[in-house]
Peer 1: 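Before anything else, here's the structure in question.
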Amino acid sequence: MVYEIRMSNSKKMPYFFNTETQQSTWEPPSGMTREEVEQLPGFHFLKGGAQPVDKSGQVRASHLLVKHSGSRRPASWKDPNITRSKEEAIDILKGYQAEIGGSKEKFAQLAQLHSDCSSHEKGGDLGFFGRGQMQKPFEDAAFGLEVGQMSEIISSDSGVHIVLRTA
């Protein structure tokens, strides 16, 4: 198994991420020694939290995610078993787009109420991230937007999204 240590944007805590299975856990993988943990990429997160972040080359974005039955994890904080089709998810997002009408406040409000991501607690805010930290379609959309600009509907392994670049 190939692990690395990452920092959770929502909980501000380090976690262990298996790059092969894409699974994560708060606890060190069973059977892994302290010495092995110390050799993992990202070990500095365990030593003293996040290192000072250089924001150059990074963007900040919020999103509104609607998952569907084909999502890599078709469950969320509001629905443990998502069965809607991708087409239904896109139709839902189109309705949100019409409601948002360019309003950042409305975007945050709808993300808080309806997004299938844990970032809903923060109005969809994902914080700062650089290239290689998000799924490629999402990354391309976020980096392709100007600050304050909202994307069209994009599709990733997580579901369908509307992205708002905030910095």
Side-chain angles (χ1 to χ4, degrees), residues 2 4-15 17-24 41-42 45 50 53-167:
V2 180
E4 58 187 45
I5 301 168
R6 295 183 176 180
M7 181 62 71
S8 165
N9 285 331
S10 59
K11 299 199 183 292
K12 306 296 183 223
M13 292 175 44
Y15 64 95
F17 181 76
N18 183 318
T19 58
E20 292 176 352
T21 65
Q22 307 290 300
Q23 299 295 311
S24 58
F45 290 125
V53 176
D54 174 10
K55 300 282 192 279
S56 64
Q58 295 193 326
V59 297
R60 184 173 189 171
S62 297
H63 76 139
L64 202 166
L65 169 67
V66 178
K67 291 185 174 186
H68 52 80
S69 60
S71 297
R72 99 178 142 187
R73 193 178 72 80
S76 77
W77 63 276
K78 47 183 214 166
D79 188 350
N81 184 29
I82 295 172
T83 58
R84 73 174 74 84
S85 70
K86 182 175 182 178
E87 292 72 26
E88 289 170 315
I90 289 170
D91 287 344
I92 290 168
L93 268 186
K94 285 179 181 175
Y96 295 153
Q97 278 180 316
E99 265 189 83
I100 291 165
S103 166
K104 294 177 188 127
E105 294 77 19
K106 190 66 171 177
F107 183 99
Q109 180 184 32
L110 289 176
Q112 189 169 27
L113 293 172
H114 302 294
S115 183
D116 285 321
C117 179
S118 62
S119 69
H120 78 95
E121 296 170 343
K122 297 177 289 187
D125 183 21
L126 296 167
F128 283 93
F129 56 90
R131 292 210 177 265
Q133 291 184 272
M134 299 291 179
Q135 294 173 36
K136 188 76 170 127
F138 188 95
E139 173 187 298
D140 289 345
F143 277 88
L145 296 170
E146 297 294 323
V147 174
Q149 189 178 16
M150 196 175 331
S151 74
E152 292 301 316
I153 295 171
I154 61 154
S155 180
S156 75
D157 290 344
S158 295
V160 291
H161 318 246
I162 303 170
V163 180
L164 173 65
R165 182 162 169 188
T166 55

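Side chains included, hydrogens not; waters and symmetry mates left out as well; all remaining heavy atoms used. Along the sequence shown, residues are numbered consecutively beginning with 1.
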Peer 1: Would the number of heavy atoms belonging to other residues, nucleotides or ligands and lying under 6.0 Å from CD of Glu152 be above 12?
Peer 2: no

Peer 1: For the residue pair Gln97 / Lys94, report whether a side-chain donor-acceptor contact shorter than 3.5 Å exists.
Peer 2: no

Peer 1: Please find the pair of heavy atoms, one from Ser85 and one from Ser69, that lie closest to each other, and give the distance.
Peer 2: CA-OG, 4.3 Å

Peer 1: Which pairs, with at least one residue in residues 81-92 and sequence neighbours excluded, count as a salt bridge (charged side-chain N to carboxylate O under 4.0 Å, His left out)?
Peer 2: Arg84-Asp116

Peer 1: Roughly how far apart are Leu65 CG and Phe138 CZ, rounded to 0.5 Å?
Peer 2: 8.5 Å

Peer 1: With rounding to the nearest 0.5 angstrom, report the CE to OG distance, Met150 to Ser62.
Peer 2: 10.0 Å

Peer 1: Roughly how far, to the nearest 0.5 Å, is CG of Leu113 from OH of Tyr96?
Peer 2: 8.5 Å

Peer 1: Distance check, rounded to the nearest 0.5 Å: Asp140 atom CG versus Ser151 atom OG?
Peer 2: 11.5 Å

Peer 1: Side-chain contact, heavy-atom cut-off 4.5 Å: Arg6 with Gln133?
Peer 2: no

Peer 1: Show the atom names and distances, to 0.1 Å, of all donor-acceptor pairs under 3.5 Å that link a side chain in residues 157-164 to residues at least two apart or in another chain.
Peer 2:
residue : atom : partner : partner atom : Å
Ser158  : OG   : Gln135  : NE2          : 2.7
His161  : ND1  : His63   : ND1          : 2.9
His161  : NE2  : Ser156  : OG           : 2.7

Peer 1: For Phe17, give me all partners under ring-ring contact (aromatic ring centres under 6.0 Å, His included), at least two apart in sequence or on another chain.
Peer 2: none

Peer 1: Could you give the distance from CD (Glu4) to OH (Tyr15), rounded to the nearest 0.5 Å?
Peer 2: 8.0 Å

Peer 1: Knowing that exactly one of Lys78, Glu99, Gln109 qualifies, which makes a side-chain contact (heavy atoms from CB on, under 4.5 Å) with His114?
Peer 2: Lys78

Peer 1: Can you name the closest pair of heavy atoms from Ser155 and Pro137 and give their distance?
Peer 2: O-CB, 3.2 Å

Peer 1: Between CE of Met134 and CG of Leu126, what distance do you get to the nearest 0.5 Å?
Peer 2: 5.0 Å

Peer 1: Mind listing the closest non-hydrogen atom pair of Ile153 and Leu93 along with its distance?
Peer 2: CD1-CB, 3.7 Å

Peer 1: Could you tell me which residues satisfy side chain to side chain contact (heavy atoms under 4.5 Å, CB included) with Arg165, sequence neighbours excluded, listed by chain and number?
Peer 2: Val59, Leu145, Val147

Peer 1: Tell me the ring-ring contact (aromatic ring centres under 6.0 Å, His included) pairs involving residues 65-85, sequence neighbours left out?
Peer 2: Trp77-His120

Peer 1: List the residues meeting side chain to side chain contact (heavy atoms under 4.5 Å, CB included) with Arg60, not counting sequence neighbours, and say none if there are none.
Peer 2: Asp125, Phe128, Thr166, Ala167

Peer 1: Ignoring hydrogens, what is the shortest heavy-atom contact between Ala142 and Ala61? Give both atom names and the distance.
Peer 2: CB-CB, 4.4 Å

